[in-house]
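Throughout, protein chains are lettered first and strands after them, A, B, ... in sequence-line order, and every chain is numbered starting at 1. Hydrogens, waters and symmetry mates play no part in the numbers below; they use all other heavy atoms, side chains included.
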Protein chains: 2
Amino acid sequence: MYNQADARIVIIEDDETIREGYAYLINHTSPYTVVSTYPSFDIARHKIIKDNPDVIILDIQLPGTSGIDALPVLKKLFPHVYIIMLTVYETEKIILDALANGASGYFTKNTSSVKIIEAIKEVMQGGGPMSPDVAKTVIMSLQKNQNSPLTKRETQILELISKGKDRGEIAQELFIEIETVKTHVKNIYIKLNVNSKSEAINIARQNRLI
Amino acid sequence: MYNQADARIVIIEDDETIREGYAYLINHTSPYTVVSTYPSFDIARHKIIKDNPDVIILDIQLPGTSGIDALPVLKKLFPHVYIIMLTVYETEKIILDALANGASGYFTKNTSSVKIIEAIKEVMQGGGPMSPDVAKTVIMSLQKNQNSPLTKRETQILELISKGKDRGEIAQELFIEIETVKTHVKNIYIKLNVNSKSEAINIARQNRLI
DNA sequence: AAAATATACCCCTTTAAGGGTGAAAAGAAG
DNA sequence: CTTCTTTTCACCCTTAAAGGGGTATATTTT
């Protein structure tokens, strides 16, 4: 574990005001040190190696290589680095991708530097901070659609299909006959207006039925 | 949208100190009103109807009906209520279940009442607050195992399999031959020591390979 | 140079998928 | 108490996919 007071921060953000603003505030109102700031990942790419950062604050909308594409590169360069993403966008896919690709935290740009400093502390302690709107997106992605056209049993079977189970396995698991499973599957297809497992899973995922 | 200052809060929590502590602090240091507090859901069950709460602070470890089981009941009673979960536990399954079942926020009990009040504000504004440790769990659940025995291509194909795609669809999507897909699938099976799609998906999910 | 990865092709047999139709039993809702 | 929905089960059919075996060759990475 790093000594928190020694934490070395790097900021990669193209907007100079935001970049230098955060840097100034972190340096003057926190125990952390901003060792470098860069306006793009392409500029940071080689110089960052000698920065040896503990935490990187990474914008997503960067000129050249995007923050999303920079993520895996930085993770490979510094396997133990904590990365806090910064963005104006908050579409579900981008957020989920960033988190799935190793971001430790995720904030939108209306976040005060106080919260960012708090976030640095949290990631250094192993937490996974996110701003409320981001958390909301993540929570929503975990919640299911309540207006499903599918019955409980159909949803249950579709979930098992999405786990790759075949008719036989589903029948065994639910203590019903294979023929019954077939009937349910056929009804699912009719309701979702599809005619294959893959289509059904895709439509269901799009509509959060499963 | 409710007027925030009118927000009616109900607390369901068996520990009297915590319950009355939060109630007192919310009533005296926030614009919100704690209209009722209950030591269990079973006691709250009928009385809560006339409380007409906007936000419910719900403990998970309750005597009798657990907070997890109370969640769907409360959601049915008050479809638009925001529920903030409170718990000492923070196992991945419990947290994910609560969020998937309609909880708007999730905090562990080492959370200060200041943060709870902040959380009430956030949920009223449509946010999805969670404490850093909870966020960490959620993020981890989105992140994949880095020590995968599978190659990139194999992982990619396994992901498509998990979406229900068959060999032909995978081949089309990746611009490769069906036979190539077959070879990859065979190698995946060997590496994961399985011999069917469903087993492969299960093993991979267990180990966060996909 | 060696190892890992991605690609492609052949053989083979078994099993699952998808579609059509009908109908009994259990539950929920009026 | 009856009507509607859900869940259950059955038998028909054809085609497509799955799974197992082996072999081989670019390409990339180490």
Crowding at CD, A:Gln172 (>12 non-hydrogen neighbours, <6.0 Å) = no
Can you tell me the distance, in whole Å, between the CD1 atom of B:Ile170 and the P atom of C:dA6?
-> 15 Å
Atom NZ of A:Lys182 and atom C1' of D:dA10: how far apart are they, to the nearest Å?
-> 10 Å
What integer distance in Å separates A:Lys152:NZ from C:dG27:P?
-> 13 Å
Check whether the side chain of A:Glu179 and the base of D:dC11 form a donor-acceptor pair under 3.5 Å.
-> yes
Which whole-number value in Å describes the distance from B:Ile178 CD1 to C:dC9 P?
-> 11 Å
Below 4.0 Å: OP1/OP2 of C:dG19 and any side-chain N or O of A:Asn195 | yes
Side-chain atoms of A:Ile176 come closest, of C:dC11, D:dC9, C:dT7, to D:dC9
Flag, side chain of A:Arg167 to backbone of A:Lys182, donor-acceptor distance under 3.5 Å = no
Whole Å only: how far is the NZ atom of A:Lys191 from the P atom of D:dT5?
-> 10 Å
Is there side-chain contact between B:Asn187 and B:Thr151, with at least one heavy-atom pair below 4.5 Å?
-> no
Under 3.5 Å: donor-acceptor pair, side chain of A:Lys165, backbone of A:Ala171 = no
Check B:Asp69, B:Thr65, B:Leu71 against B:Phe41 for a side-chain contact (heavy atoms from CB on, under 4.5 Å) and give me the one that passes.
-> B:Thr65
Nearest-nucleotide pick for B:Ser196, side chain only, options being C:dT7, D:dA10, D:dG19 = D:dG19
To the nearest Å, give me how far apart CD (B:Gln156) and P (C:dT7) are.
-> 8 Å
Any side-chain N or O of B:His184 under 4.0 Å from OP1/OP2 of C:dT7?
-> yes
In whole angstroms, how far is the P atom of C:dA4 from the CD1 atom of B:Ile190?
-> 14 Å
Short side-chain N/O contact to C:dT7 OP1/OP2 from B:Thr180, under 4.0 Å | no
Closest-nucleotide ordering on DNA chain D, the 5'-leading residue of B:Thr183 and A:Leu174 = A:Leu174
Would you classify B:Arg153 as touching base, sugar-phosphate or nothing, given that sugar-phosphate means primed atoms plus P, OP1 and OP2, and contacts are heavy atoms under 4.0 Å?
-> sugar-phosphate
Would you indicate, yes or no, if C:dG19 has its OP1 or OP2 atom less than 4.0 angstrom from a side-chain nitrogen or oxygen of A:Tyr189?
-> no
Under 3.5 Å donor-acceptor pair, A:Lys186 side-chain atoms to C:dG18 base atoms | no
Rounded to whole Å, CD of A:Glu169 lies from C1' of D:dG19 at a distance of 14 Å
